Every structure is written in structure tokens, then in C-alpha cells.
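I have placed the structure first, in the form of C-alpha cells, so that the comments after it can refer back to it.
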Amino acid sequence: MIRLDDGNVLPSILYYHRVSPDVSFDVGVTPEVFRSQMMFLKSQGLSGTTLAEGMKANSHKETCILTFDDGYLDNYEHAAPILEEVGFRATIFCVSDRLGRLTDWSEDPDWKGIPLMAEEEVRDLSSRGFEIGSHTRTHCDLGALSRTDPLQARREIFDSRMELEDLLGKPVTSFCYPYGGWTETSVQWVREAGYRQARSVQHARWGKTYDMYLLPCRPVSGKMPFWRFGWYARLWRLGL
């Protein structure tokens with residue numbers, strides 16, 4: 001089993017970026033594929049939920065935590081309605097200083113210039129039961145920034161939470177490290193900022209234990225065949 005440091009079993013955590021009809025298979029899945037994946041999870045008796053709720057679940061074998069990085073507009077337009085169809089919810093990690101803008105943190109054409117959710121979409125999803133988490137203010141690499149400019153790195157963590165809480169009028173308790181970059185210092189800042197859990201991008205490994213502030217996950221893209229997606233779901237359903 002995959003366990004936390006305190007001995008509790010860790011639920012399955014999946015992470016996505018985009019869900020769009022014309023998305024590159026390197027960065028996302030089509031709505032049709034996403035719907036089939038969610039329907040499969042439901043058929044296996046799994047409940048798709050947010051990171052905050054999933055970590056409090058009574059039965060982790062029946063829980064699948066669904067997360068999305070960056071806060072793309074297509075998460076609002078395509079992913080959220082499908083999740084609601086099957087009675088699921090998810091956590092969407094937003095870049096607080098880029099709401100309503102285009103992605104600007106990569107020159108790769110698959111990632112550059114993609115619309116992000118604006119404040120009104122973020123508030124709407126929150127009101128519908130989706131969790132909004134922090135992905136820093138500018139999608140910075142905390143692994144590098146915390147070494148070169150620690151004060152700015154700390155602000156990225158603390159200020160993003162405050163900005164999102166001001167927008168939503170409720171606590172923001174989940175964090176995700178952009179690029180998977182972190183240092184021991186940046187993890188400590190995430191704790192001090194008041195987040196209760198944080199997701200990394202490291203792959204979950206059976207038999208290992210994990211910290212609540214470096215939670216592992218399984219990435220999902222269009223390159224993942226359906227049989228492999230089902231394999232992950234079945235193994236976790238059995239508690240393996």
C-alpha cells in the first residue's frame with residue numbers, strides 16, 4: 001500500500017492539465033476520453049473528490065482524488081460539466097496573478113498562450129463544490145527560486161493563498177508545486193502559510209510512505225492508454 005508518514009493509507013491521486021477537443025496528447029485529454037475515464041472510476045465504486053475532502057475520507061480505498069494544474073479555461077468549459085454528470089468534484093490549482101490571462105511561463109507552443117480561468121469562473125466553480133488550490137502567484141519554480149530569491153519565493157506561496165482567499169471568501173488549504181520544484185525550505189513555507197496538504201508531481205510508489213506536504217500522484221495525459229488508466233484504478237481499489 002501507499003501510506004502517509006502517520007500510517008494512514010493514501011487515496012489515489014490523479015492529476016490532469018487540460019481537457020479540450022483539440023488538445024495535444026502531451027498536455028491533456030479530449031472530453032470524450034475524460035468522460036470515459038470518469039465513468040470507469042464510478043463503475044469501480046470509486047468516488048472522485050477534491051484533495052481536501054479526499055484526505056479526510058473514511059475509506060481511502062473508495063476515494064479517488066482528482067486534481068488539475070494551472071486553472072485552464074477548458075477545465076471550466078469541459079472538465080467540470082463532465083465531473084458533475086457523474087457526481088464527482090475536483091481540486092483545481094490556480095495561478096493567482098494570472099487569472100483571466102494567457103499562460104506565459106513556457107515558450108512551448110503546447111503550453112504558451114492558453115486561456116486561464118478568470119475570477120468569475122473560479123468563484124463559480126468554488127460555489128459548485130470544486131476546490132480551488134494555490135499554484136503560486138506566477139507559476140514559478142520554487143526549487144530554483146527559493147535558492148536564488150528566497151523572499152520572492154516565500155511571497156509566491158503566502159500571497160497566492162491570501163489573494164485566492166480574498167477572491168473566494170473561504171479558506172484555501174491545498175497547494176501544488178509548479179513543475180514539481182521544491183526545497184525543504186519551500187515545503188516549510190507551505191506549512192507556515194497555513195496550507196494543510198500539498199501535492200507534488202512525483203509518482204506514487206507502492207510500499208513507500210509520504211509526507212502530507214509532498215503528496216505523490218499519477219499524471220494523466222492523452223498518451224496514457226485506457227488499459228493503463230484502468231490498471232491504476234483497479235490496483236488502488238484493491239488497496240494494493
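Every value quoted in this text rests on a predicted model; they were computed, and no experiment measured them.
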Is any side-chain N of the basic residue among D70 and R98 closer than 4.0 Å to the acidic one's carboxylate O? no
Side chains of [Y] and [X]: any donor to acceptor distance under 3.5 Å?
X    : Y    : value
T91  : S174 : no
S160 : S134 : yes
R199 : T67  : yes

Any donor-acceptor pair under 3.5 Å linking the side chain of T103 with the backbone of G113? yes
Is there a path of hydrophobic side-chain contacts, each under 4.5 Å between heavy atoms of I, L, V, M, F, W or Y residues, that connects I157 with L214?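 Both belong to a single hydrophobic cluster.
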With under 30° as parallel and over 60° as perpendicular, where do the rings of H17 and Y72 fit, or are they tilted in between? perpendicular
For the residue pair H139 and W105, does the interplanar ring angle fall in the parallel (under 30°), tilted (30 to 60°) or perpendicular (over 60°) class?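 Correct class here is parallel.
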What do you reckon, is CZ of R196 surrounded by more than 12 foreign heavy atoms closer than 6.0 Å? no
Should we count CZ of R228 as having more than 12 external heavy atoms under 6.0 Å? no
Please tell me if the side chains of M55 and I65 come closer than 4.5 Å, counting only heavy atoms from C-beta onward. yes
Does R161 make a cation-pi contact with Y195 (under 6.0 Å, within 45 degrees of the axis)?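 Yes, a cation-pi geometry.
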Residues that S43 engages under side-chain contact (heavy atoms from CB on, under 4.5 Å), provided they are two or more places apart: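 Counting only residues at least two positions away or on another chain, S43 forms a side-chain contact (heavy atoms from CB on, under 4.5 Å) with F40.
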Listed by chain and number, what are the salt bridge (Lys or Arg N to Asp or Glu O under 4.0 Å) partners of E107, not counting sequence neighbours?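 Here the qualifying residues are K112.
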